[in-house]
Amino acid sequence: ANEDYWIEGQPHLDGIEWILCADESTAMTILKSGEADAIYTPTTEDARNLLDQGGFENIGSGSAYYSSGFEISFNSGDKESPMSNVLVRQAFCTAIDTETIVNALGFGFYTPTNQLALPGSNFYSDNVTGYTYNQDAAHQLLVEAGYADGCEITLDYISATEKIVVMMQAYLEKAGFVVNLNLMERAIWTQAMMTSGDTSYNDAIVAYIPFAPAPMAKTFGDAADQFSGQWDKEIFAELNGYFNTMQNSLDSAEISEASDSFQKLLIDEQCMVMPVYGYYSQVIASESLHDLGFFETHTMFWTPEAAWKN
């Protein structure tokens with residue numbers, strides 16, 4: 001161990017080795033063989049299987065700064081896209097049984113939500129209605145939007161989200177959508193969701209928008225550079241007015257009022273995105289490890305000086 005470390009008596013470990021794996025199955029094999037002691041952000045199914053078999057614990061934390069979200073972002077700014085019609089966006093959200101999807105794929109780690117916040121958090125609004133799963137209502141919205149004979153859209157996604165978008169596709173097509181799934185390499189997906197550059201996304205794209213003002217500034221605010229570049233500009237400007245108050249005000253009542261208006265405009269009134277679930281990063285570790293220090297200050301920081309192993 002480092003005898004010159006600034007905290008006396010620490011660190012306890014002689015070293016830490018990170019093993020980079022190309023796929024989840026390889027990582028799980030290494031962990032189960034005992035060659036590794038913990039796995040960082042496994043799939044929800046793998047995490048559940050490890051916890052159920054015993055000998056492992058989940059050291060993911062909801063207190064590590066903010067939760068992440070999974071959403072569908074709509075291309076509302078392209079007048080040639082069906083998604084420029086708010087009724088079509090609302091039909092999309094109404095057609096999908098998000099609770100069933102979250103229960104099937106989350107294995108207890110995902111929390112369904114109807115807005116860009118988790119229930120009980122500072123920016124969650126009890127006044128947001130969201131969209132209740134109803135195939136008949138979804139089809140009627142398409143009819144009202146002028147798509148009685150069907151509405152063809154393209155949904156961009158990355159391989160990690162394939163299971164969820166395939167489930168969504170099945171729900172949407174029952175309601176009258178024709179859904180073309182467009183698999184993107186992650187680098188292309190990253191370019192498509194950026195607000196600058198020549199690459200753009202199609203009618204809709206899978207999105208990861210965090211649930212706190214500071215990281216949400218990548219999607220909202222004056223310096224936004226993710227997803228919102230293809231939204232309706234007037235609606236986006238109105239959202240930014242509320243968001244800037246949420247981010248900068250020191251008055252709790254003013255922040256609460258702004259976040260309430262922000263969520264209602266974003267979801268109920270204009271349906272700019274479809275929130276699906278929120279989640280926290282997970283680390284599944286052997287019970288032989290103690291005081292690891294993961295997620296104590298931030299989801300991307302690790303302070304392992306107090307860690308020790310049986």
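Side-chain atoms of Asp23 and Ser25 include a donor-acceptor pair closer than 3.5 Å. Side-chain contact of Ser81 with Asp203: a donor-acceptor pair under 3.5 Å is present, judged by distance alone. Side-chain atoms of Ser73 and Tyr201 form a donor-acceptor pair, as typed in the model, at a separation below 3.5 Å. Donor-acceptor pairing under 3.5 Å is recorded for the side chains of Ser249 and Glu254. Side chain to side chain, His12 and Asp291 fail the donor-acceptor criterion of an N or O pair below 3.5 Å. Judged by distance alone, the side chains of Gln230 and Asp78 never bring a donor and an acceptor atom under 3.5 Å apart.
The two residues Leu142 and Ala175 come nearest to each other via the heavy atoms CD1-O, 3.6 Å. Looking at every heavy atom in both residues, Ile59 comes nearest to Leu292 through CD1-CD1, 3.3 Å. In terms of heavy-atom proximity, Tyr131 sits nearest to Cys271 at OH-CB, 3.5 Å. Of all heavy-atom pairs spanning Glu45 and Lys163, the tightest one is OE1-NZ, 3.8 Å. When all heavy atoms of Gly221 and Phe236 are compared, the pair lying nearest together is O-CZ, 4.3 Å.
Sorted by first and then second residue, the side chain to side chain donor-acceptor pair (under 3.5 Å) pairs involving residues 181-190 (not counting sequence neighbours) are Asp156-Asn182. Each salt bridge (Lys or Arg N to Asp or Glu O under 4.0 Å) pair with one or both residues in residues 83-107, not counting sequence neighbours, would appear here, but there are none.
At a threshold of 4.5 Å between side-chain heavy atoms, the hydrophobic network of Ile, Leu, Val, Met, Phe, Trp and Tyr places Ile96 and Val273 in one connected group. A continuous path of Ile, Leu, Val, Met, Phe, Trp and Tyr side chains, each step under 4.5 Å between heavy atoms, connects Phe107 with Leu50, placing both in one hydrophobic cluster. A continuous path of hydrophobic side-chain contacts links Leu239 to Phe211 [ILVMFWY only; heavy atoms under 4.5 Å]. Under the 4.5 Å side-chain contact rule for hydrophobic residues, Ile30 and Tyr40 do not share a cluster. Residues Val276 and Met193 share a single hydrophobic cluster, defined by chaining ILVMFWY side chains whose heavy atoms lie under 4.5 Å apart.
For Lys233, the NZ atom counts as densely surrounded, since its 6.0 Å shell holds more than 12 non-hydrogen atoms of other residues, nucleotides or ligands.
With rounding to the nearest 0.5 Å, the separation of CG in Asn134 from NE2 in His139 is 12.0 Å. Annotation: the span from Met28 atom CE to Thr43 atom OG1 amounts to 7.0 Å, rounded to 0.5 Å. Put simply, CG on Leu31 and CZ on Phe56 are 4.0 Å apart, with the number rounded to the nearest 0.5 Å. Here the CG atom belonging to Leu266 is positioned 5.0 Å from the CG atom belonging to Leu116, to the nearest 0.5 angstrom. A distance of 10.0 Å separates CZ in Phe262 from CD in Gln115, rounded to the nearest 0.5 Å. The line from CG of Asn114 to OG1 of Thr129 is 8.0 Å long, rounded to the nearest 0.5 Å.
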request  = Start with the C-alpha distance between Tyr277 and Tyr110, add both sets of side-chain angles, then the distance that settles ring-ring contact (aromatic ring centres under 6.0 Å, His included), and finish with yes or no.
outcome  = CA-CA 6 Å; Tyr277 61 80; Tyr110 295 161; 3.8 Å; yes

task = For ring-ring contact (aromatic ring centres under 6.0 Å, His included), just list the numbers for Phe70 and Tyr279, CA-CA rounded to whole Å, side-chain angles, deciding distance to a tenth of an Å, and then say yes or no.
result = CA-CA 8 Å; Phe70 176 83; Tyr279 65 99; 8.5 Å; no

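Within the 4.5 Å cutoff, side-chain heavy atoms of Ser159 are placed close to those of Leu183. A heavy-atom distance below 4.5 Å is not found between the side chains of Ser84 and Asp232.
When each of Phe74, Tyr133, Tyr147 is tested with Phe92 by the rule ring-ring contact (aromatic ring centres under 6.0 Å, His included), just one qualifies, namely Phe74.
Take Asn127 and apply the side chain to side chain donor-acceptor pair (under 3.5 Å) test, not counting sequence neighbours, and it matches Asp260.
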